[in-house]
Peer 1: 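Take a look at the following structure, please.
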Amino acid sequence: MLDIQLLRKDLAGVAQRLATRGVTLDTARIEALEAERKAIQTRTQDLQARRNQLSKQIGMAKGKGEDASALMTEVNAAGDELKASEDRLAGIQDDLSAQLMVIPNLPHESVPVGKDEKDNAEVRRWGEIREFPLPPRDHVEIGEDLQLLDFPTAVKIATSRFVLMRGDLARMHRALAQFMLDTHTQEHGYTEVYVPYLVNADSMRGTGQLPKFEEDLFKLSNGMYLIPTAEVPVTNIVRDEIIAAELLPIKLVAHTPCFRSEAGSYGKDTRGMIRQHQFDKVEMVQMVRPEQSYAALEELTGHAENILKKLELPYRVVSLCTGDLGFSSAKTYDLEVWLPAQNTYREISSCSNFEAFQARRMQARYRDGKPGKPELIHTLNGSGLAVGRTLVAIMENYQREDGGIDIPEALQPYMGGKTRIPAAG
RNA sequence: GGAGAGAUGGCAGAGUGGUCGAAUGCGCCGGAUUCGAAAUCCGGUUUACAGCUUGCUGUAACGGGGGUUCGAAUCCCCCUCUCUCCGCCA
């Protein structure tokens, strides 16, 4: 959520910055609503003040045993107008806040201006792309040949966009999550948290999934939602809290399943594990002082990169352009891992600074100990990493000509010392 | 699932229709005392929003929503959550 004060002060400027995201702000409507709000609110508060004053006098008069009927007549006379004024004000404020809730964040000045993913700016590359003597096979072929990856059975149990893993592949999937968690907690200073996988609507509003993106979520019959990312439960830990300044920055990491309806992605990535309704992810979240959030974004992105480096997977870092930025984000770096079978880089992590956008929705603030009002914190998060896609990347980059898969050295301790998933015999 | 109790400020906990944003205690901040500290004493200490002379004034908020009333923390209705006992259960 944007700061309403900013919209009042510089509506044209806000509209201009939103235009770089391809969003058109109905400034005339907002201006009209805001003008009416101001008039009605002032009027309402004056009427309330008058009523309070008279009611207090009635109380005092009755306390002294005096007749208060004249006062009561007076306060009754203004009753209808007050009620109408209050109702009108509530209506306008609901309308304004509903509009405010669907306005995306303003891009940071360092974000490249562009229309869509084609305008994203590559920041750096890391790692050497392996040469294959024969055309590299994709993870589906590799996994199915090994009989460790099974899509038809998952479809039978559930529906499409689910997967069943067996044996060493299921184990490597688990090992990856453990490896990531250990790295972030032991080397990067994060505290591991275990969180609910179902959340309420308030939490979804807090991080920005609601009200605008309900169709992307799985909603349960009791009104709760399956989390699309650990960002939701983890970030909402600080909702409605005032944090002591010395506790910042807060750095949390969680491993959770993620559930996405993938509405609107029909026909996209239908093959394999790239786009699933259910996938695991290790997510880093930071809550920081505002002046530190951009340094924190670089740091957090580096933490995600570290995982790829340890696994020796080639990747590149991309700064999303204004048109490709997520709803709540002010700036996002995507990490894209090399997938040899697709002969391209594919997103494996997304690291974002939300500035105060989520904090304002969540009323997540901190206090310095200095006098004055508590201030909104800044929130960040990033995948560290998407576990399923990391598994895909390993399968494809570490595939052997005999059909087996080498296990990256960093992962071997988590696989009981095994160095390879052997070819099917 | 059955029975009961409850939800008030950072915490504990009073308050059952009127000058209550809310006693008291703890905590926290400032000051006094002290060589310094503890103890003690004094003062301060919620948040959001609005208006304008930016420091004041006003409005709202006692789990959430609705209602009664001139006036609601207090009365009524609905919802949510928490706790205790019993049952069931990973």
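Chain letters run A, B, ... following the sequence lines, proteins first and then strands; every chain starts at 1.
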Peer 1: Keeping to residues at least two apart or across chains, list the ring-ring contact (aromatic ring centres under 6.0 Å, His included) pairs with something in residues 288-313 of chain A.
Peer 2: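 Residue pairs with at least one partner in residues 288-313 of chain A: A:His108-A:Tyr294, A:His188-A:His303, A:Tyr190-A:His303.
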Peer 1: Using the C1' atom on both, measure B:U54 against B:G58 and round to a whole Å.
Peer 2: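 Approximately 15 Å lies between the C1' atom of B:U54 and that of B:G58.
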Peer 1: Any side-chain hydrogen bond (donor to acceptor under 3.5 Å, both in side chains) pairs touching residues 10-31 of chain A, not counting sequence neighbours?
Peer 2: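 Residue pairs passing side-chain hydrogen bond (donor to acceptor under 3.5 Å, both in side chains), neighbours aside: A:Arg29-A:Asp95.
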Peer 1: Does CD in A:Glu298 sit with more than 12 non-hydrogen atoms of other residues, nucleotides or ligands closer than 6.0 Å?
Peer 2: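 Correct, the count exceeds 12.
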Peer 1: How about NZ on A:Lys212, more than 12 heavy atoms from neighbouring residues, nucleotides or ligands closer than 6.0 Å, or not?
Peer 2: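 Correct, the count exceeds 12.
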Peer 1: Contact class for A:Arg365 vs. all strands (heavy atom < 4.0 Å): base, sugar-phosphate, or nothing?
Peer 2: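 Result for A:Arg365 = sugar-phosphate.
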Peer 1: Work out how far the P atom of B:A48 is from that of B:C11, and round it to whole angstrom.
Peer 2: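 It comes out at 16 Å once rounded to the nearest Å.
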Peer 1: Within this structure, what is the CD-to-P distance between A:Gln5 and B:C49, rounded to whole angstrom?
Peer 2: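 One finds 7 Å between P of B:C49 and CD of A:Gln5, rounded.
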Peer 1: Measure all distances between protein nitrogen or oxygen atoms and nitrogen or oxygen atoms of nucleotides 71-73 of chain B, and list the pairs falling under 3.5 Å.
Peer 2:
residue: B:G71; atom: O4'; partner: A:Ser55; partner atom: OG; Å: 3.3

Peer 1: Does A:Arg51, at its CZ atom, have more than 12 non-hydrogen atoms belonging to other residues, nucleotides or ligands within less than 6.0 Å?
Peer 2: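 Buried by this count: over 12 neighbours within 6.0 Å.
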Peer 1: Expressed as a whole number of Å, how far does the P atom of B:A61 sit from that of B:G9?
Peer 2: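 Rounded to whole Å, the distance is 15 Å.
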Peer 1: Will you find, in the side chains of A:Thr256 and A:Lys281, an N or O donor that is under 3.5 Å from an N or O acceptor?
Peer 2: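 A:Thr256 vs A:Lys281: no donor-acceptor pair found between side chains.
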Peer 1: I'd like the P distance from B:G18 over to B:A73, given in whole Å.
Peer 2: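 These two P atoms come out 11 Å apart once rounded.
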Peer 1: Using atom CD of A:Gln45 as one end and atom P of B:U59 as the other, report the distance to the nearest whole Å.
Peer 2: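 The answer, rounded to whole Å, is 8 Å.
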Peer 1: Distance check, P atoms only: B:U19 and B:C62, in whole angstrom units.
Peer 2: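 Rounded to whole Å, the distance is 16 Å.
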Peer 1: Pick the C1' atom in B:U69 and in B:U80, then give their distance to the nearest Å.
Peer 2: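 To the nearest whole Å, 27 Å.
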Peer 1: Taking salt bridge (charged side-chain N to carboxylate O under 4.0 Å, His left out) as the test, write out the residues that go with A:Arg37, two or more places apart.
Peer 2: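 Per chain and number, A:Arg37 pairs via salt bridge (charged side-chain N to carboxylate O under 4.0 Å, His left out) with A:Glu34.
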Peer 1: Tell me, do A:Ile407 and A:Asp168 make a side-chain contact under 4.5 Å, heavy atoms counted?
Peer 2: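 No. Closest side-chain heavy atoms not under 4.5 Å.
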Peer 1: Verify the ring-centre separation between A:Phe213 and A:Phe327: is it less than 6.0 angstrom?
Peer 2: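 Yes, the ring centres sit under 6.0 Å apart.
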Peer 1: May I ask you to say whether A:Lys251 pairs ionically with A:Glu299, meaning some side-chain N is under 4.0 Å from a carboxylate O?
Peer 2: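 Yes, A:Lys251 and A:Glu299 are salt-bridged.
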Peer 1: Counting only heavy atoms and a strict 4.0 angstrom limit, can you tell me which residues of residues 84-102 of chain A come near RNA chain B?
Peer 2: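 Residues of residues 84-102 of chain A under 4.0 Å from RNA chain B: none.
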Peer 1: From the list B:G51, B:A48, B:G18, which nucleotide is the closest neighbour of the side chain of A:Gln363?
Peer 2: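 Within the option list, the nearest is B:A48.
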Peer 1: So what is the 5' to 3' dot-bracket string for RNA chain B, if pairs are Watson-Crick or G-U wobble with both distances under 3.5 Å, crossing pairs use [ ] and | means the partner sits on another strand?
Peer 2: ((((((((.[[[..)..(.....]]]((((((.......))))))(((((((..))))))).[[[[[..)....]]]]])))))))....
